[in-house]
Protein chains: 2
Amino acid sequence: MSSTYTHSKKNQSLTKNQRIVLDLLQNSGEPLKAYFILDSLKKEGLNSPLQVYRALDKLVELGKIHKIESINSFIICNNSNCASNTAFTICERCGKVKEIKNKYLKDSVSDLVKDNQLEITRYNLEFYVLCKSCKIN
Amino acid sequence: MSSTYTHSKKNQSLTKNQRIVLDLLQNSGEPLKAYFILDSLKKEGLNSPLQVYRALDKLVELGKIHKIESINSFIICNNSNCASNTAFTICERCGKVKEIKNKYLKDSVSDLVKDNQLEITRYNLEFYVLCKSCKIN
DNA sequence: TTACATATGTAATAGTATAACATTAGAGGT
DNA sequence: ACCTCTAATGTTATACTATTACATATGTAA
């Protein structure tokens with residue numbers, strides 16, 4: 001078996017471990033934790049935490065997924081080309097996470113931090129909210 | 001010995017554990033990790049992780065310190081009244097963390113997220129930068 | 001003083017992530 | 001086809017971060 005494993009058209013050039021982790025996150029759409037991913041993919045041949053973390057690290061580096069720091073979870077990227085800059089809303093009540101899609105966000109954000117002694121290389125923004133359905137109920 | 005332990009004028013009404021943890025963070029000014037705090041305060045009578053985490057939780061709740069999620073560290077609050085909203089710069093090279101002081105930040109930030117289906121209850125913003133001295137060297 | 005909420009102390013354990021090392025696979029050049 | 005280099009893998013062990021559970025003590029207010 002080839003290790004680039006081009007079973008699906010998408011996610012070519014990924015290795016098998018990277019692809020099955022990405023597929024799981026893609027199919028889920030929700031933030032998943034590393035050890036949950038490990039449990040879910042035992043049957044696919046993932047045996048150790050390190051295998052999961054290595055795949056996750058690579059996928060984060062490629063911008064295909066993001067880590068949501070405050071909940072130690074990983075989620076499929078909902079944009080394109082946002083390997084370094086991320087912004088999420090997290091519902092305080094139900095925990096639902098959505099990636100904020102806003103191509104102008106980066107510029108706005110840069111304006112916020114006006115200290116020209118430093119340059120922003122990347123950012124991670126986590127907004128806690130009451131989501132629509134939790135607001136109603 | 002009273003458990004409110006008003007040794008210093010500041011930080012009155014805190015318990016002993018809360019006060020020694022806060023004092024350490026105040027004197028340090030840098031982000032510290034929970035187990036580092038534990039080691040540092042062994043001689044003051046802190047014996048277990050839980051004692052540290054309980055003090056940290058309370059201080060975060062009071063807005064006296066903040067947790068920097070992406071580095072699992074805690075830092076003294078550099079503002080006032082920002083129990084729920086935090087913004088930091090973190091140098092990619094040297095790791096130095098600074099809290100962003102900007103009383104207009106909250107309004108600006110709210111404008112960024114224009115989806116009126118949801119309301120922001122709090123936020124945590126982590127900007128990775130090259131700090132002044134790392135930029136030069 | 002009673003009652004209640006909050007904080008403490010302690011031991012055990014759960015959850016998250018990386019170090020170290022040996023091995024294998026893929027991509028490019030000759 | 002072969003060599004070489006880089007990246008990924010597999011495995012074991014361990015380090016780091018945080019919470020559960022339970023018994024005890026303290027502070028505050030009726």
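As a basis for the values below, the full set of heavy atoms in this structure was taken, side chains included, without hydrogen atoms, waters or symmetry mates. Here is the naming used below: chain letters follow the sequence lines, and residue numbers restart at 1 for every chain. What you are looking at is a predicted structure, and each value in this text was computed from that prediction instead of being measured.
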Under 4.0 Å from OP1 or OP2 of [N]: is there any side-chain N or O of [X] that close?
X	N	result
Lys58(B)	dA7(C)	yes
Lys16(A)	dA7(D)	no
Thr15(B)	dT8(C)	yes
Gln51(B)	dG9(C)	yes
Asn72(B)	dA18(D)	yes
Tyr53(B)	dA18(D)	yes
Asn17(B)	dT8(C)	yes

Query raised in the report: Of Ala34(B) and Ser48(A), whose closest DNA chain D nucleotide lies nearer the 5' terminus?
Result: Ser48(A)
Query - Residue met sooner reading DNA chain D from 5', once Leu46(A) and Lys67(B) are mapped to nucleotides - result: Leu46(A)
Value in whole Å for how far the [atom2] atom of [N] lies from [atom1] of [X]:
X	N	atom1	atom2	result
Leu14(A)	dT9(D)	CG	P	10 Å
Ile20(B)	dT8(C)	CD1	C1'	12 Å
Asp57(A)	dA19(C)	CG	P	11 Å
Arg19(A)	dA8(D)	CZ	P	16 Å
Leu22(B)	dA7(C)	CG	P	15 Å
Leu38(A)	dG10(D)	CG	C1'	13 Å
Leu41(B)	dG9(C)	CG	C1'	16 Å
Phe36(B)	dA18(D)	CZ	C1'	19 Å

Where the side chain of [X] is concerned, which of [options] is the nearest nucleotide?
X	options	answer
Arg54(B)	dT18(C), dT11(D), dG9(C)	dG9(C)
Leu50(A)	dT19(D), dT11(D), dA7(C)	dT11(D)
Lys33(A)	dT16(C), dT17(D), dT11(D)	dT16(C)

Query - Whichever of Ile71(A) and Gly45(B) has its nearest DNA chain C nucleotide further upstream toward 5' - result: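 This one resolves to Gly45(B).
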Donor-acceptor check, side chain of [X] to backbone of [Y], threshold 3.5 angstrom: yes or no?
X	Y	result
Lys16(A)	Glu44(A)	yes
Ser28(B)	Leu24(B)	no
Asn85(B)	Tyr123(B)	yes

**Report entry** Crowding at CD, Glu30(B) (>12 non-hydrogen neighbours, <6.0 Å)
**Finding:** no
Query raised in the report: Side chains of Ser70(B) and Tyr128(B): donor-acceptor distance under 3.5 Å anywhere?
Result: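 Checked: Ser70(B)/Tyr128(B) side chains pair up, N/O donor to acceptor below 3.5 Å.
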Query raised in the report: Would you call Glu92(B) and Arg122(A) a salt bridge, using N to O less than 4.0 angstrom?
Result: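 The answer is yes: the pair qualifies as a salt bridge.
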Query raised in the report: Are Tyr35(A) and the base of dT16(C) stacked, counting only ring centres nearer than 5.5 Å and planes tilted under 30°?
Result: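 Ring-base stacking flag set for Tyr35(A) and dT16(C).
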